[in-house]
Amino acid sequence: MPYRPFEDQNCSIARALAIVGERWTLLVMREVLLGRRRFADIKRNTGIAPNILSDRLATLVEHGLLEKRLYSEHPESYEYVPTPKGVDVNPVLVALMAWGDAHAAPDGPPRVVVHTACGHDAHPRLHCSHCGEPMEPREMKVRPGPGADEVQRAEPLLPVTD
């Protein structure tokens, strides 16, 4: 599918999904962030069709999440290296993995996040940047931010859950 922005929505989630929301894109990013940066390796580990993989890689390069680097001239071959913007996708993958582990992994987590600073298994959580306390899903609300449009500024503090 061609890239189509959600032009009628002033929403960071919609804008992010316009780039990484196609069903294969986050799996491609998973592979690259796990160190599998060559086309054949990504294809083998995801099962994605070559034409779709080519398109997803081109989109990720176009949007600055990956950099295409030549690693062999004969034959001409490339690897895909995450940029800082691409590395910033990792918390999204970790959050999806945690949700999948909790709700879609009946035999337990297939992979476990390890905190490299201490070497132990980790269970990443959101923490408040102000007080440092962990934030549970039911302890969050959403308010208009600096990029809010007129309609959003008129809305009150919105519940994430009730």
Side-chain angles (χ1 to χ4, degrees), residues 1-129 132 134-135 137 140 142 145-149:
M1 277 188 173
Y3 168 75
R4 272 192 9 220
F6 294 99
E7 293 173 357
D8 59 337
Q9 295 186 42
N10 186 27
C11 174
S12 295
I13 296 170
R15 290 179 184 144
L17 286 174
I19 299 167
V20 299
E22 189 280 330
R23 73 177 271 194
W24 290 105
T25 303
L26 289 176
L27 295 177
V28 170
M29 286 303 300
R30 175 198 70 192
E31 292 303 309
V32 171
L33 292 169
L34 288 174
R36 300 179 188 112
R37 298 178 176 172
R38 296 180 180 177
F39 189 95
D41 295 332
I42 298 168
K43 181 181 173 297
R44 181 177 50 254
N45 286 299
T46 60
I48 188 172
N51 61 319
I52 295 172
L53 178 54
S54 293
D55 183 65
R56 296 308 165 258
L57 289 168
T59 297
L60 291 166
V61 169
E62 175 188 344
H63 288 282
L65 281 78
L66 298 178
E67 179 184 322
K68 184 177 178 179
R69 288 190 191 159
L70 185 69
Y71 73 85
S72 175
E73 292 185 14
H74 302 288
E76 188 174 286
S77 300
Y78 295 89
E79 66 180 353
Y80 296 86
V81 180
T83 64
K85 186 176 180 179
V87 172
D88 283 349
V89 172
N90 198 46
V92 174
L93 296 175
V94 170
L96 280 172
M97 186 173 82
W99 186 90
D101 290 346
H103 302 287
D107 297 326
R111 295 191 179 269
V112 176
V113 174
V114 175
H115 184 215
T116 57
C118 71
H120 289 89
D121 291 355
H123 303 283
R125 301 177 65 183
L126 290 176
H127 288 78
C128 176
S129 62
M135 295 173 58
M140 297 179 213
V142 177
D149 60 26

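For Tyr71, there are no side-chain hydrogen bond (donor to acceptor under 3.5 Å, both in side chains) partners two or more places apart in sequence or in a different chain. Shown here are the side-chain contact (heavy atoms from CB on, under 4.5 Å) partners of Ala98, two or more places apart in sequence or in another chain: there are none. Arg23 pairs by the side-chain hydrogen bond (donor to acceptor under 3.5 Å, both in side chains) definition with nothing, not counting sequence neighbours. Taking the side-chain hydrogen bond (donor to acceptor under 3.5 Å, both in side chains) definition, one finds that Thr25 meets it with Glu22, sequence neighbours left out. Looking at residues two or more places apart in sequence or on another chain, you find no side-chain contact (heavy atoms from CB on, under 4.5 Å) involving Asp107. Take Glu73 and apply the side-chain contact (heavy atoms from CB on, under 4.5 Å) test, not counting sequence neighbours, and it matches Leu70. For Glu67, the side-chain hydrogen bond (donor to acceptor under 3.5 Å, both in side chains) criterion is met by Arg69, not counting sequence neighbours. For Val61, the side-chain contact (heavy atoms from CB on, under 4.5 Å) partners are Leu66, Lys68, Tyr80, not counting sequence neighbours.
Pairs engaging residues 26-35 under the salt bridge (charged side-chain N to carboxylate O under 4.0 Å, His left out) rule: Glu31-Arg36 [sequence neighbours left out]. Pairs passing the salt bridge (charged side-chain N to carboxylate O under 4.0 Å, His left out) check and including a residue from residues 118-127, sequence neighbours excluded, read Arg125-Glu136.
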Distance-only criterion, 3.5 Å: show the donor-acceptor pairs between side-chain atoms of residues 43-53 and protein atoms not counting sequence neighbours.
from: Arg44; atom 1: NH2; to: Asp41; atom 2: OD1; distance (Å): 2.4
from: Asn45; atom 1: ND2; to: Asp41; atom 2: O; distance (Å): 2.9
from: Thr46; atom 1: OG1; to: Ile42; atom 2: O; distance (Å): 2.8
from: Thr46; atom 1: OG1; to: Ile48; atom 2: N; distance (Å): 3.2

Under 3.5 Å, side-chain donor or acceptor atoms of residues 82-97 against the rest of the protein: list the pairs with distances, not counting sequence neighbours.
from: Thr83; atom 1: OG1; to: Gly64; atom 2: O; distance (Å): 2.5
from: Thr83; atom 1: OG1; to: Leu65; atom 2: O; distance (Å): 3.2
from: Thr83; atom 1: OG1; to: Lys85; atom 2: N; distance (Å): 3.3
from: Thr83; atom 1: OG1; to: Gly86; atom 2: N; distance (Å): 3.2
from: Lys85; atom 1: NZ; to: His63; atom 2: O; distance (Å): 2.7

Checking Phe39 against Ser77 for the side-chain contact (heavy atoms from CB on, under 4.5 Å) test, could you report, in this order, the C-alpha distance in whole Å, the side-chain angles of both residues, the deciding distance, and whether it holds? CA-CA 9 Å; Phe39 189 95; Ser77 300; over 6 Å; no
